[in-house]
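Counting begins at 1 with the first residue of the sequence. For the numbers below, each heavy atom of this structure counts, side chains included, while hydrogens, waters and symmetry mates do not.
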Amino acid sequence: MAKQYDVIIIGAGPGGMTAALYASRANLSVLILDRGVYGGQMNNTAEVENYPGFKSILGPDLAKKMYDSALQFDAQYAYGTVQSIDVSDEGLKTIRTDSDVFETNALIIATGSQYKKLGIPGEEKYSGRGVSYCAVCDGAFFRDRDVAVVGGGDSAIEEGSYLAQMVKNVNVIHRRDQLRAQKILQERAFQNSKINFTWNTIVIQIEGDGQKVTGVKIHNKKTGVDEVMPVSGVFIYIGLLPMTETVTHLGITDEQGWIITNDKMETSVPGIFAVGDVRKKDLRQIATAVGDGSVAGQEAFNYLESLKDIQRS
């Protein structure tokens with residue numbers, strides 16, 4: 001038999017947890033579903049310096065504070081991998097996980113995004129053996145060694161600066177001739193003597209000895225020259241992909257898979273909302289996800305109230 005809630009939130013990142021706080025504070029029964037540890041990408045962030053109220057805080061510490069806040073009005077939290085989402089003609093949403101079935105009238109999608117992969121030889125083979133997408137998780141394994149960071153956005157430069165605290169040298173490999181990261185992050189990186197830059201270059205292969213990474217084969221797009229850069233670790237930050245595989249059939253995403261909403265976080269399906277990094281938007285930050293979550297939590301309440309009005313009439 002399906003377990004019923006007023007609001008179900010899929011994803012326990014900052015957007016999902018904030019939505020749970022607002023919805024549960026409105027005296028709604030709320031369930032947060034997540035297939036991993038609460039906090040989302042915050043758990044992969046060394047230091048957060050741009051979230052109001054904190055000059056600097058570790059990402060996992062901020063995640064724990066948000067989690068405690070999200071549950072203070074009796075919202076529930078459960079582990080589960082969503083297998084399917086169905087919407088009845090009457091608007092009831094049925095969510096099936098690997099172990100349970102849930103029903104709700106108001107569903108908030110907060111599944112976030114994941115890092116893109118290069119899709120080159122050696123990437124899968126050496127994943128976890130020198131190839132990483134999380135400097136906070138794996139940086140300590142490369143203490144006093146040379147590593148490469150692939151990318152030129154905020155994540156690449158933030159994580160490169162973090163790695164520079166413990167590794168011998170950080171080699172940032174970027175396909176363009178200038179970074180896309182925020183200026184303050186660029187300035188810090190340029191001033192760090194342990195961070196070097198290789199411009200107009202792509203990684204075409206990750207090399208190893210069968211057990212671990214030994215280098216990256218790179219191609220200079222301007223000169224056409226290929227060479228091998230000796231490194232012990234490769235940290236990849238080349239963009240994000242929305243985690244929307246379970247909702248694409250609902251017709252709420254664009255051609256890239258990002259969920260389209262209005263400023264009330266409403267999708268084209270009544271009673272389904274989306275927040276945070278999974279939305280189609282320009283800025284994906286903790287602060288913007290929190291803003292999305294507060295709106296969605298309140299709008300979910302308003303939606304449920306509108307259903308009651310219809311039933312009364």
Side-chain angles (χ1 to χ4, degrees), residues 1-44 60 63-64 66-115 127-128 133-134 137 240-253 257 259 265 267 269-279 289 292-293 296-297 300-301 303-304:
M1 186 173 179
K3 301 173 185 178
Q4 297 185 333
Y5 291 85
D6 294 326
V7 180
I8 292 178
I9 300 162
I10 303 176
M17 290 192 286
T18 304
L21 170 62
Y22 273 71
S24 60
R25 192 170 181 268
N27 205 32
L28 301 174
S29 60
V30 177
L31 174 69
I32 311 171
L33 275 173
D34 200 289
R35 63 183 181 183
V37 179
Y38 59 81
Q41 297 290 358
M42 287 189 291
N43 291 309
N44 300 331
K64 180 60 165 63
M66 286 190 180
Y67 176 75
D68 291 341
S69 180
L71 300 190
Q72 65 179 310
F73 297 107
D74 298 325
Q76 296 181 28
Y77 182 86
Y79 291 102
T81 299
V82 174
Q83 305 290 343
S84 66
I85 299 171
D86 297 302
V87 182
S88 72
D89 292 339
E90 294 74 29
L92 185 68
K93 291 82 180 171
T94 302
I95 298 96
R96 291 178 172 83
T97 70
D98 41 1
S99 57
D100 287 296
V101 179
F102 304 95
E103 291 179 342
T104 186
N105 282 311
L107 175 64
I108 300 174
I109 309 296
T111 46
S113 56
Q114 61 186 344
Y115 289 113
S127 180
Y133 307 87
C134 176
C137 309
L240 299 168
L241 292 172
M243 299 177 69
T244 51
E245 58 273 10
T246 58
V247 301
T248 51
H249 66 289
L250 298 175
I252 60 176
T253 65
I259 298 180
M265 306 302 135
T267 70
V269 177
I272 296 184
F273 307 82
V275 303
D277 286 5
V278 76
R279 285 182 61 221
D292 290 354
F301 171 80
Y303 174 75
L304 294 173

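- At least one donor-acceptor pair under 3.5 Å links the side chain of Asp292 to the backbone N or O of Gly276.
- Taking 4.5 Å as the limit, every side-chain heavy atom of Tyr5 sits out of range of all side-chain heavy atoms of Val30.
- A salt bridge is defined here as a Lys NZ or Arg NE, NH1 or NH2 lying under 4.0 Å from an Asp or Glu carboxylate O, and Arg35 with Asp98 fails to meet this definition.
- Met17 is listed as a side-chain neighbour of Met42, based on a closest heavy-atom distance under 4.5 Å.
- For the pair Ala110 and Ile9, the tightest heavy-atom approach, listed with the atom from each and the gap, is CB-CG2, 4.3 Å.
- Lys93 contributes a side-chain N or O that, together with a main-chain N or O of Gly91, makes up a donor-acceptor pair within less than 3.5 Å.
- Side-chain contact between Gln41 and Tyr115 is present, with heavy atoms from C-beta onward closer than 4.5 Å.
- For Asp68, the CG atom counts as densely surrounded, since its 6.0 Å shell holds more than 12 non-hydrogen atoms of other residues, nucleotides or ligands.
- The side-chain heavy atoms of Val7 and Leu304, taken from C-beta on, include a pair separated by under 4.5 Å.
- When the options Leu240, Asp277, Leu241 are evaluated for a side chain to side chain contact (heavy atoms under 4.5 Å, CB included) with Gln114, the one that passes is Leu241.
- The line from CG of Asp74 to CG of Asn27 is 9.0 Å long, rounded to the nearest 0.5 Å.
- From Tyr303, atom OH reaches atom CD1 of Ile272 across 8.5 Å, with rounding to the nearest 0.5 Å.
- Going from atom CD1 of Ile95 over to atom CZ of Phe102 covers 8.5 Å, rounded to the nearest 0.5 Å.
- Shown here for Asn43 and Ala63, the closest heavy-atom pair between the two residues is OD1-CB, 4.0 Å.
- Across Val82, Ile85, Ile8, a single residue satisfies side chain to side chain contact (heavy atoms under 4.5 Å, CB included) together with Ile109, and that is Ile85.
- Side-chain contact between Thr81 and Thr97 is absent, with no heavy atoms from C-beta onward closer than 4.5 Å.
- Contact check for Asn105 versus Leu92: side-chain heavy atoms found under the 4.5 Å cut-off.
- In this structure, Tyr38 and Tyr67 have parallel ring planes: the angle between them is below the 30° cut-off, well short of the 60° mark.
- Pairing each heavy atom of Gly257 with each of Thr244, the nearest pair is O-OG1, 2.8 Å.
- Side-chain contact between Leu21 and Gln72: present, with at least one pair of heavy atoms (C-beta onward) separated by less than 4.5 Å.
- Across all non-hydrogen atoms, the minimal contact from Met243 to Thr111 is O-OG1, 2.8 Å.
- Checking side-chain atoms of Thr104 against main-chain N and O of Asp6 turns up a donor-acceptor pair under 3.5 Å.
- Two residues are said to be in side-chain contact when any heavy atoms from C-beta on lie closer than 4.5 Å; Arg96 and Asp86 meet this criterion.
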